[in-house]
Each structure stands twice: as C-alpha cells, then as structure tokens.
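Presented below is the structure to which this report refers.
Quick note on labels: first sequence line is chain A, next is B, and so on, each numbered from 1. The figures that follow rest on heavy atoms only: side chains count, while hydrogens, waters and symmetry mates do not.
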There are 2 protein chains.
Amino acid sequence: MVRFEKQNLSQRMTDELGKAIVAGKYSAEAGLPTEAMLCEEYGISRTAVREAVKMLSAKGLISSRPRQGIRLEPAEKWNMYDTSVLRWLLESSPSLRVLKEFLQMRLAIEPQAAALAAQHGDAVAVDAIGDAAQRMLDAAADPAVDLMTADLDFHTSILRASGNRFFFQLRDFVSTALNVSIQHTTPAKGNVLSIAQDHYKIYEAIRSGQAERAKNLMTHLIDEAMVFIEKEIEKTSN
Amino acid sequence: MVRFEKQNLSQRMTDELGKAIVAGKYSAEAGLPTEAMLCEEYGISRTAVREAVKMLSAKGLISSRPRQGIRLEPAEKWNMYDTSVLRWLLESSPSLRVLKEFLQMRLAIEPQAAALAAQHGDAVAVDAIGDAAQRMLDAAADPAVDLMTADLDFHTSILRASGNRFFFQLRDFVSTALNVSIQHTTPAKGNVLSIAQDHYKIYEAIRSGQAERAKNLMTHLIDEAMVFIEKEIEKTSN
DNA sequence: ATAGGCATATTATATTACAAATAAATAAGA
DNA sequence: TCTTATTTATTTGTAATATAATATGCCTAT
C-alpha cells in the first residue's frame, strides 16, 4: 500500500510514532520519551523528531510543552477523520466493534448524500455514479472486472455528487470502511449480481431525481451489511 | 477566543499561513514562497517555518518536495474536520452556502446520533442530555442562564451518548456550526421557550428509549434552521 | 509554614552546514 | 533534427550545536 521507503525521514517517524501511540505503547501518565531519547532510539536528529511531533500535534494525538515533555492527548481529541489516524487505528485493533461504528456512520452519511445527489447533482457527477454502477454489473458477469474498485467508485461518486464538501471529504473514511468490510464479508459468488443490481437501482433513483427512494435504497444497502456484522459480533462473543 | 500571544512561534506561523492559504492568497500554479523567503518575510528562523509547513502538511493543505518548493493541495484534500481548518474557512468566507452545508451535515449526523443514544446510551450520558435540556428551559425564564452554552452542551452530549466515537468526534464541528448559526439567526425572545421545549422533548424520547421518535424530533429541529437559512439565501440572491 | 527565589530539565527557537533530490538546461549521439 | 545522457543549479531534507524560554520542584529566609 504505502511506500515508506519513498517517504522522508520525518514522515516515516510520524508513522512509526503514530502507530505506537494508537496501539497504546505509551501511557497517558508517563507520556512519551523526551525528544532527546527518541533521537537516540531511532538514530535520527532532533529536527526529524520535532517535525514528527508537530505532525502528530496537528492530528491531535499529542501536545508538547517545555519542561513538561511530550504528553498524550486523550483519544477523544484524536482527529479520527484523518486518514493516517484511521489507518493506525485499524492496524492496531481491527475489531468488529470499530467496523460497526463505521457502518453506523455510513448509515448516517450515505443515504443523505444520495438524496442530495438526486436533488441537485450535476450531470457529470451523476454520470460517474452510473459508470461505477455499470462496472459493478459487468463484474458480476466477467470476473476480470474489478468489483472492489467499482464499488468504491460508486460510493465515492455519490459523495461527490452531493455537492457538499463535508460529505465528499468523507470519501477516504468510506473507502477505508469498505476495504475493512471486504476482509470480513466476502460475498457469495451468486450474490454479486444481486448486489450490483441494488447499486444500479440507487443510481437510477438518483438520475431520475427520486431523492426519497435513493435515500431508502441506500439505507437498505448499508443495513444489510450491518445485519451481517451484528451476526458476526454475536458469533465471536459466544 | 484563541490567545495567539500565548502560542509559540510555529503555531502562530501555522495560523498565519493557514489563514492565508484558505483565504486564497496563494495560487495553485505559483505555489507558496520558498522556505527561505518565508523566513525573511516573517523574520523568523527556518526551523519555525518548517514546523509550520509540517503542521499544514498534516492538515492536508500543502505538500513540499525538494527542488519543487511548497505546493498547494487542492481544496478537496484539506482536512475539513480539523478545527483549525474549519475556523480559517469560516473566517475567510462566512457565506450562507457554507452554513447550509453545515446544516446538511448535521441533518445526517444528529438524528442518527439521537436514535443511537435512545437505543443504548448509558445512564450517565443520558443524564447529561437532560441537564442541558433543563438548563435551556431555565434560560427561557431567566436571562442570566447562558442559553448558548446549554444548547451547545445539549447537542454535544447527544453525540457522546451515541457511544460511537466517530459521531462524538464531530462535536467541534457541530459547535462551530452552532456558533456561526447563532450569528445569523438570533431567535425571537418569545421563541426561546418553544425551542427549549423542543429540545426537552428530544431528551424525553431518548430517555424512554424511543429511537424513532428521537430521530424524527431531531430531524425536525434542524430542518427548521435549514428552512430559515434557505429563506436567507433566497433574500440575498435577490 | 509559607512565599519567593534559584537550580534544573525540557522544549522552543535560531544558526549554520552539508546532503539529497529533482527540474531544467546543456551536451552528445543517432 | 530529434532523442537521450549528463551536468548544473535550486530547493528541501537532515544534522549538529547553541541559546532562550519556561515550568517544576527544591531550598532558603522570613
């Protein structure tokens, strides 16, 4: 996925530290090691460490003050919509619980986005939705077509067509959620067509301006994934 | 609000640069001045400039590469859920359009959060909602009680009671939206009681576990603000 | 016992130097 | 003339070092 070799030192350091923090390597009371200690530990200069600290501060994970050292911020303050933070979180604890929270969020956002797209999505944006939906149908017939990417494009293009920058901003969030979902819920081969058709229906509702219908169909689509996850949770807790 | 004097140099620099970028001071083609030029312009060391650049990179506003300088990232990549970015955006263009997008977002999130709170909000969290709602009622009778803060607490505590960290994470977003809203929509004195009662009804629905009712009431509450904004937009466009 | 000052540790800022990367210009070859 | 290497210049990346600011806790003097 991410090519760490290509990144510069401070970015790699940011990633290392971020991962460690999210994974709970450091405690809130003890805080982080001092800059000097981090320099030694990773064999890099203070500049690189400081820039990593600044990055993580910007993401809400830590704060640093003179004489006090580098302190952990409570998890509530972490910027969860930051792609990196999200990735670290999932790498460290890919639990079903997080997955459920993802779906709850999508259940709030995506139906609303679909409704907005139906109300005033411009032609180009709506066409992109159709494209993606068509590709999902193709994938059902031809295994060579990438279903995953088509699915992802479908959901992303709806967020874009909503015309609301805050919704569209959540594309990485939704992408990540979908990616993680796939790992847990491999759809049965026969269901692919049925799923693709459900997606296409949403596109048709949007194109024809049926906001309520688009919203309901989208709710239903995500609800099915939710039901699946809840069954999984049931299973593991027993 | 924010005490810039108390902030350190790189944070102030981050704020200056961030504001300038969001306000459109720099063009995408030309990019930003080089580090050296920024040092001269603001009369500070390269370290401070670099740390500001790192912060803004972390927020998705810029990227920097050797020989290429500091480039602006497209607005789509900006982390809009970052409190600073949001603040810069509102300071530079406090338009009704942004306000409407805020409300569309709240319309997606808050009703769902209210439903979740009704389903499995723990007692302490739900009590906090009741507290805030009661304070809003008090404010209707006694002008000394801070209505604004109570209103804010009400919405924030519902996000918390949803038990979903992604919803709760949006508390700053909702706070900002409310703050901006207030500036545009000063409620008539007589309406305060009516509004407070609407809020209290939502609390009652949540406490008694009526998820659907809580959701509908919340939708209605935000919808009213939306209607108001749309009238304002109508007015200004004429 | 308490207030005020001092020592100390740690981050904040500054300065300088060199390394690395890359875009653009130039030269070489077909 | 066009393509391909190579060189060069510019800008960020990394490092090392020094000094300032600041918060903590100890310690002294009243």
(message) Between P on dA14(C) and OH on Y42(B), what's the gap in Å once rounded to a whole number?
(response) 15 Å
(request) Using atom CD of E35(B) as one end and atom C1' of dA14(C) as the other, report the distance to the nearest whole Å. (result) 14 Å
(request) Give a yes/no on whether any side-chain N or O of R46(B) is located under 4.0 angstrom from OP1 or OP2 of dA14(C). (result) no
(request) Let me know the distance between CD of Q11(B) and P of dT22(D), rounded to the nearest Å. (result) 13 Å
(message) Tell me whether R165(B) forms a cation-pi arrangement with F168(B), defined as NZ or CZ under 6.0 Å from the six-membered ring centre and within 45 degrees of its axis.
(response) no
(request) State whether S45(A) places a side-chain N or O below 4.0 Å from either non-bridging phosphate oxygen (OP1 or OP2) of dT14(D). (result) no
(message) Could you tell me how far apart R50(A) (CZ) and dT13(C) (C1') are, to the nearest whole angstrom?
(response) 8 Å
(message) OP1 or OP2 of dT13(C) versus the side-chain N and O atoms of S10(B): is any pair under 4.0 Å?
(response) yes
(request) Rounded off to whole Å, could you give me the CD-to-P distance for the E40(A) and dA16(D) pair? (result) 12 Å
(request) May I have the distance from L9(B) (atom CG) to dT11(C) (atom P), rounded to whole angstrom? (result) 18 Å
(request) Take I21(B) and L32(B) through the side-chain contact (heavy atoms from CB on, under 4.5 Å) test and state the conclusion after the steps. (result) CA-CA 9 Å; I21(B) 290 169; L32(B) 264 70; 4.2 Å; yes
(request) Could you tell me which residues satisfy side-chain contact (heavy atoms from CB on, under 4.5 Å) with T176(B), sequence neighbours excluded, listed by chain and number? (result) L86(B), L90(B), F102(B), V180(B)
(message) Tell me whether the rings of F166(A) and F173(B) are parallel (<30°), tilted (30 to 60°) or perpendicular (>60°).
(response) perpendicular
(request) Give the ring-plane orientation class for H199(A) versus H155(A), where under 30° counts as parallel, over 60° as perpendicular and anything between as tilted. (result) perpendicular
(request) Using a 4.0 Å heavy-atom cut-off across all strands, classify T47(A) as base, sugar-phosphate, or nothing. (result) base
(message) Within residues 52-73 of chain B, which residues have any heavy atom lying less than 4.0 Å from an atom of DNA chain D?
(response) S64(B), R65(B), P66(B), R67(B), G69(B), I70(B)
(message) Between D15(A) and Q11(A), is the side-chain hydrogen bond (donor to acceptor under 3.5 Å, both in side chains) condition met? List the steps.
(response) CA-CA 6 Å; D15(A) 209 78; Q11(A) 282 177 324; over 6 Å; no
